[in-house]
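Beneath this line is the structure, given in structure tokens, with notes to follow.
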Amino acid sequence: MPALQPARGTQDLLPEAARRHRRVIETARDMAALYGFAEIATPIFEFTEVFARPIGEHTDIVSKEMYNFTDRGGEEVTLRPENTAGVVRAVLSNGLTQSTPLKFFYSGPMFRYERPQKGRFRQFHQIGVELLGVPQPQADIEVIALGQRILVALGIADRVTLELNTLGDPASRAAYREALVGYFSARVSELSEDSRRRLERNPLRILDSKDPGDQRLNSEAPDFAAYLNDASRDFFARVSDGLDRLGVAYRRNPRLVRGLDYYTHTAFEFVTTDLGAQGTVIGGGRYDGLVELMGGPAMAGVGWAAGIERLALLIAEPPAPARPIALVPIGEAAEARALALAEQLRDQGLVVDLGYSGNIARRMRRADRIGARAAVLLGDDELARGAATLRDFDSGDQSEVALDALAARLTALGR
RNA sequence: GCGGGUGUAGCUCAGGUGGUUAGAGCGCCAGAUUGUGGAUCUGGAGGCCGUGGGUUCAAGUCCCAUCACUCGCCCCA
């Protein structure tokens, strides 16, 4: 075991992993741009109340998972556990509420103090979108369609299914919550220990319990559909119809609920069975009460966040970077010449790697190991003639090439 | 916070019931080949056996603790 370890739940993104992350981010950013979402970057830490109030004091995120601390000036700050609250804060701070609709895309690290497991970390990365100021279901439909499009572009749409539910408006939700509490309160003795706690804090959560006993009770629990008022039922129907018209497949999951308090109406998750216990790859929904809760005007909002690590685990290996050309100088005069030649070749857009030290064989071996397309040997004899020896690593062919023709020859080699 | 599994070389792993200098494959270094990579052959380096304590004549092996990793629960992306 090495003496130096990364902090629990953090990890180094070595080049291959970093490439996978970058592919996820760039794909998502490009697709979001097609829908008119502009990239935004907010700080990775905020005053603690930015997260504590909207997310809900009694949620696990706030009560035990936040990285919060007092800074040197005595301010209570928190590393962001998610980014919706941060984006809304930025909207309010910058007075953007006048220019709705607002469409934002973001990516970056998030922090939650929890036990790491497969696809779950203390520092993890999310991409996400927020669409603010549009109360109509078209917003929900477009945001979901964007998620689907990203999965398609990443080549993993067939391994992921969209689950869809509605939480109704606040009135519907409150009525249903009351009915649920009544139902489960009469059967507390049959509930699992976890669900007894949920009954106090977040009764809707009992619905997606993994406990078999809870699931038996759930099968006879009140149905949310019966408690939806007309407006809520109509809203959900319009979202569903819109997805149908776009050919976005989904599965209605009446047990799908949200942990965060500010969600209303549409709730959805893109889930997979390929990641162990962490099935959710994209999660989101509508949060019409959030902006007002944070001190702004009444403003609708809908969005989602996706875990980059989880998506990166699902995608195929991204294309390898361009293969370099290795320059192998022989002798001190050639050494100096090689640096200048490397710059000239890079001016032509070629990827150039210098053999830094060792004898010829060693430099050639290193060039081969890094996957070089070809080596250019610079020896005194050739240089005196204004030429170099070009060795094609794929064919093994070798020939002398005039220096002023080198860039063209190398470009012609291709990848 | 709770439960299960695993910690031996850079990586992947062997090391019945305790017994002498702890092994393999891959990788790395060197030579065969001092102006030529890959393939082959030969040689070499590299191990507080996670850490601390205990039992024993003797511990990689048994016991306890601890740390880390990992899978799951809670929760969530």
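Chain identifiers are assigned alphabetically (A, B, ...) following the order of the sequence lines, protein sequences preceding nucleic acid strands; residue numbering begins at 1 within each chain. The structure displayed is predicted, hence computed values, not measured ones.
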Just call it for Gly128(A): base, sugar-phosphate, or nothing, with non-hydrogen atoms closer than 4.0 Å on any strand.
-> nothing

In whole angstrom, give the distance that lies between atom CD of Glu65(A) and atom C1' of A77(B).
-> 12 Å

Protein-nucleotides 41-44 of chain B N/O pairs under 3.5 Å:
none

Arg205(A) has its side chain closest, among C73(B), C76(B), C74(B), to C76(B)

By salt bridge (charged side-chain N to carboxylate O under 4.0 Å, His left out), Arg363(A) pairs with (sequence neighbours left out) Glu335(A)

Given atom CG of Leu14(A) and atom C1' of C11(B), what is their separation to the nearest angstrom?
-> 13 Å

Can you name the salt bridge (charged side-chain N to carboxylate O under 4.0 Å, His left out) partners of Asp169(A), sequence neighbours left out?
-> none

Can you name the residues that form a ring-ring contact (aromatic ring centres under 6.0 Å, His included) with Tyr227(A), not counting sequence neighbours?
-> Tyr176(A)

In chain order, what residues pass the side chain to side chain donor-acceptor pair (under 3.5 Å) check against Arg22(A), with sequence neighbours excluded?
-> none

Identify every side-chain donor-acceptor pair in residues 302-331 of chain A under 3.5 Å, counting partners at least two apart or on other chains, and give the distances.
unit_1	atom_1	unit_2	atom_2	d
Trp304(A)	NE1	Val143(A)	O	3.0
Glu309(A)	OE1	His125(A)	N	3.0
Glu309(A)	OE2	His125(A)	N	3.3
Glu309(A)	OE2	His125(A)	ND1	2.8
Arg310(A)	NE	Gly119(A)	O	2.8
Arg310(A)	NH1	Thr280(A)	O	2.8
Arg310(A)	NH2	Gly119(A)	O	3.3
Arg323(A)	NE	Gly371(A)	O	3.1
Arg323(A)	NH1	Asp394(A)	OD2	3.1
Arg323(A)	NH1	Arg415(A)	O	3.3
Arg323(A)	NH2	Ala372(A)	O	3.2
Arg323(A)	NH2	Asp394(A)	OD1	3.0

By side-chain contact (heavy atoms from CB on, under 4.5 Å) - contacts of Arg187(A) (at least two apart) = Tyr183(A), Glu190(A), Leu217(A)

Separation of atom CZ in Phe121(A) from atom P in C71(B), rounded to whole Å | 8 Å

What string of B, S and - do you get for nucleotides 34-39 of chain B 5' to 3' if you count protein non-hydrogen atoms under 4.0 Å?
-> -BBBB-

Sorted by first residue and then second, give each salt bridge (Lys or Arg N to Asp or Glu O under 4.0 Å) pair with at least one member in residues 145-166 of chain A; sequence neighbours left out.
-> Arg159(A)-Asp274(A), Glu163(A)-Arg251(A)

Base-paired stems in RNA chain B, each at least three Watson-Crick or G-U pairs under 3.5 Å | B:1-7 with B:67-73, B:10-13 with B:23-26, B:28-32 with B:40-44, B:50-54 with B:62-66

Name the closest nucleotide to the Phe124(A) side chain, picking from C69(B), A77(B), C71(B).
-> A77(B)

Quick one: salt bridge (charged side-chain N to carboxylate O under 4.0 Å, His left out) partners of Glu46(A), sequence neighbours excluded?
-> Arg89(A)

Quick one: Asp208(A) CG to C74(B) C1', roughly how many Å, whole number?
-> 12 Å

With sequence neighbours excluded, residues passing salt bridge (charged side-chain N to carboxylate O under 4.0 Å, His left out) with Asp194(A) | Arg197(A)

